[in-house]
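Here is the structure we will look at.
Each chain gets a letter, A, B and so on, in the order its sequence line appears, and its residues count up from 1.
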2 protein chains.
Amino acid sequence: MSSESLKIFAETETCPARNVLDRFGDKWSTLVILVLNEEEKLRFNEIHKVIGDISQKMLTVTLRSLEADGLVSRKVYPEIPPRVEYKLTDLGKSLVPHISSLIKWADQNFSSIMASRSKYNQKAN
Amino acid sequence: MSSESLKIFAETETCPARNVLDRFGDKWSTLVILVLNEEEKLRFNEIHKVIGDISQKMLTVTLRSLEADGLVSRKVYPEIPPRVEYKLTDLGKSLVPHISSLIKWADQNFSSIMASRSKYNQKAN
DNA sequence: TTTGTTACTTACTTTTGGTAAGTCAAAGAT
DNA sequence: ATCTTTGACTTACCAAAAGTAAGTAACAAA
């Protein structure tokens with residue numbers, strides 16, 4: 001095994017790949033980015049409605065971590081009831097094409113994956 | 001809000017995007033695919049060594065779900081001690097470029113993200 | 001007879017995510 | 001004057017996913 005190219009994956013903190021895949025490796029970040037990409041800006045409850053099955057709690061922590069990484073910006077209007085608008089930053093927008101290409105692959109290969117999945121599950125029973 | 005384009009994200013089972021993102025949304029699948037892509041075939045313990053911080057348990061469940069989806073093939077040699085070889089299928093290989101483009105983005109924007117992240121954490125204290 | 005080998009399981013703990021209720025402050029309804 | 005509504009969250013509690021460490025199988029070598 002030629003280990004030179006492989007060992008780079010071993011250390012999480014210093015490895016950009018591991019770092020970004022860890023963000024993808026949470027349940028909601030990529031989806032929130034895609035949703036934000038559909039509109040110029042969206043309010044908290046609008047995102048919540050679109051995704052449907054995300055909890056308020058997870059939507060807040062996801063938006064917060066995306067904000068921390070500089071992918072999403074958050075603008076609070078000091079009104080009552082409160083109004084908060086979220087939008088992708090330029091950095092966030094620059095990520096979108098890469099996620100989209102993934103989605104495109106998913107669309108193209110969805111039936112193939114599903115077929116394989118149900119075949120595999122049959123064998124298990 | 002123009003909801004036509006947005007509502008597609010709402011249903012997990014029928015939405016290819018949701019389906020593939022859910023697979024990405026586990027902690028290890030993408031990383032295992034990248035590792036397998038570096039070599040023609042790899043044995044269980046070889047993958048385990050390369051990734052380093054994955055548990056045996058999670059490596060088995062990750063490989064099983066990738067196998068179920070038809071992204072990875074598993075070949076068992078009936079020997080003792082056992083030998084099992086894993087490799088990407090054609091479908092698995094076809095996914096690699098899309099993950100790679102993500103990794104490339106991560107490499108290019110890593111410092112920017114890290115800077116934003118530490119800035120954000122400072123404000124919190 | 002004990003040890004080593006490889007690819008796993010299993011039981012148990014910790015972390016992550018989900019659920020439902022509560023908070024805040026003011027405007028509008030009763 | 002009190003009661004309800006509104007939007008963006010928190011908080012307390014519960015469930016699911018992932019991590020840890022030990023065990024298993026089957027045989028060959030020491």
Side-chain angles (χ1 to χ4, degrees), chain A residues 1 9-13 18-19 21-32 35-36 39 41-69 72-87 120 123-124, chain B residues 1 10-12 18-19 21-32 35-36 39 41-69 72-87 120 123-124:
Chain A
M1 184 166 64
F9 292 118
E11 281 149 47
T12 310
E13 306 82 30
R18 288 298 298 272
N19 240 282
L21 289 180
D22 278 0
R23 174 94 327 143
F24 275 73
D26 74 7
K27 210 171 167 181
W28 299 109
S29 291
T30 45
L31 191 55
V32 168
V35 168
L36 283 173
E39 302 287 330
K41 59 194 176 203
L42 285 172
R43 298 179 63 175
F44 184 91
N45 277 343
E46 292 175 326
I47 305 172
H48 192 215
K49 260 176 229 154
V50 172
I51 299 189
D53 59 344
I54 191 173
S55 63
Q56 284 186 321
K57 176 184 159 190
M58 286 316 296
L59 182 52
T60 55
V61 322
T62 301
L63 286 167
R64 287 298 192 292
S65 75
L66 290 174
E67 191 195 358
D69 283 7
V72 162
S73 71
R74 178 173 184 269
K75 186 170 183 184
V76 181
Y77 294 85
E79 306 170 354
I80 283 172
R83 180 157 61 104
V84 182
E85 286 175 353
Y86 293 93
K87 56 195 292 195
Y120 184 91
K123 277 191 286 188
Chain B
M1 182 166 65
E11 283 150 46
T12 310
R18 288 298 299 273
N19 240 282
L21 289 179
D22 278 359
R23 175 94 326 145
F24 276 73
D26 75 8
K27 210 172 168 179
W28 299 110
S29 291
T30 45
L31 192 54
V32 168
V35 168
L36 282 173
E39 304 285 330
K41 59 191 176 205
L42 285 172
R43 298 179 63 175
F44 185 90
N45 276 343
E46 292 176 326
I47 304 172
H48 192 216
K49 260 177 226 154
V50 172
I51 298 187
D53 58 343
I54 192 175
S55 65
Q56 285 186 318
K57 175 185 158 189
M58 286 317 296
L59 183 52
T60 53
V61 321
T62 301
L63 285 168
R64 288 298 193 289
S65 75
L66 291 174
E67 190 195 359
D69 283 6
V72 162
S73 70
R74 178 172 183 268
K75 185 170 184 185
V76 182
Y77 294 84
E79 305 170 356
I80 283 170
R83 181 157 61 103
V84 181
E85 286 178 352
Y86 293 93
K87 56 195 291 192
Y120 185 90
K123 276 191 286 188

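Here A/Tyr86 contributes atom OH and A/Glu67 contributes atom CD; the two are 7.0 Å apart, rounded to the nearest 0.5 Å. The distance from atom CG of A/Leu66 to atom CZ of A/Arg64, rounded to the nearest 0.5 Å, is 11.5 Å. Summarising the geometry, atom CG belonging to A/Leu36 is positioned 10.0 Å from atom CG belonging to A/Leu31; distances are rounded to the nearest 0.5 Å. Rounding to the nearest 0.5 Å gives a distance of 7.0 Å between NZ of A/Lys27 and CG of B/Asp22. Put simply, OG on B/Ser73 and CG on B/Leu63 are 10.5 Å apart, with the number rounded to the nearest 0.5 Å. For the atom pair B/Thr62 OG1 and B/Ile47 CD1, the distance stands at 10.0 Å (nearest 0.5 Å).
Legend: residues meeting salt bridge (charged side-chain N to carboxylate O under 4.0 Å, His left out) with B/Arg23, ordered by chain and number and at least two apart, are B/Asp69. Every residue two or more places apart in sequence or in another chain that forms a salt bridge (charged side-chain N to carboxylate O under 4.0 Å, His left out) with A/Arg83 is listed here: A/Glu79, A/Glu85. Take A/Lys87 and apply the salt bridge (charged side-chain N to carboxylate O under 4.0 Å, His left out) test, not counting sequence neighbours, and it matches A/Glu40.
Put simply, CZ on B/Arg43 is 10 Å from P on C/dC8, counting in whole angstrom units. B/Arg83 places its CZ atom 14 Å from the C1' atom of C/dT5, with the value rounded to the nearest Å. For the pair A/His48 NE2 and D/dT6 C1', the interatomic distance rounds to 16 Å; values are reported in whole Å. Taking atom CD1 on A/Ile47 and atom P on D/dG7, their separation rounds to 14 Å, with Å as the unit. The distance from atom CG of B/Leu63 to atom C1' of C/dA7 is 11 Å, rounded to the nearest whole Å. Remark: C1' of C/dT6 and CG of B/Leu42 are 15 Å apart, rounded to the nearest angstrom. If you take CG of B/Leu59 and P of C/dA7, they are 10 Å apart, rounded to a whole angstrom.
Summary of helix geometry: the two end axes of the helix from C/dT1-D/dA30 to C/dT30-D/dA1, each defined by five base pairs via their C1' atoms, are inclined to each other by 30° (rounded to 10°).
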Full working for side-chain contact (heavy atoms from CB on, under 4.5 Å) between B/Ile51 and B/Trp28:
CA-CA 9 Å; B/Ile51 298 187; B/Trp28 299 110; 3.8 Å; yes

Derivation of the side-chain contact (heavy atoms from CB on, under 4.5 Å) call for A/Glu39 and A/Val50:
CA-CA 12 Å; A/Glu39 302 287 330; A/Val50 172; over 6 Å; no

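Near DNA chain D, defined here as any heavy-atom distance below 4.0 Å, the residues from residues 74-82 of chain A are A/Arg74, A/Pro81, A/Pro82, listed numerically.
Distances shorter than 4.0 Å separate some side-chain N or O of A/Tyr86 from OP1 or OP2 on D/dC9.
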Identify all pairs in which a protein N or O lies below 3.5 Å from an N or O of nucleotides 12-21 of chain C, and state each distance.
| from | atom 1 | to | atom 2 | distance (Å) |
| --- | --- | --- | --- | --- |
| C/dG18 | OP1 | A/Lys27 | NZ | 3.2 |
| C/dG18 | OP2 | A/Trp28 | NE1 | 3.3 |
| C/dG18 | N7 | A/Lys57 | NZ | 3.2 |
| C/dG18 | O6 | A/Lys57 | NZ | 2.4 |

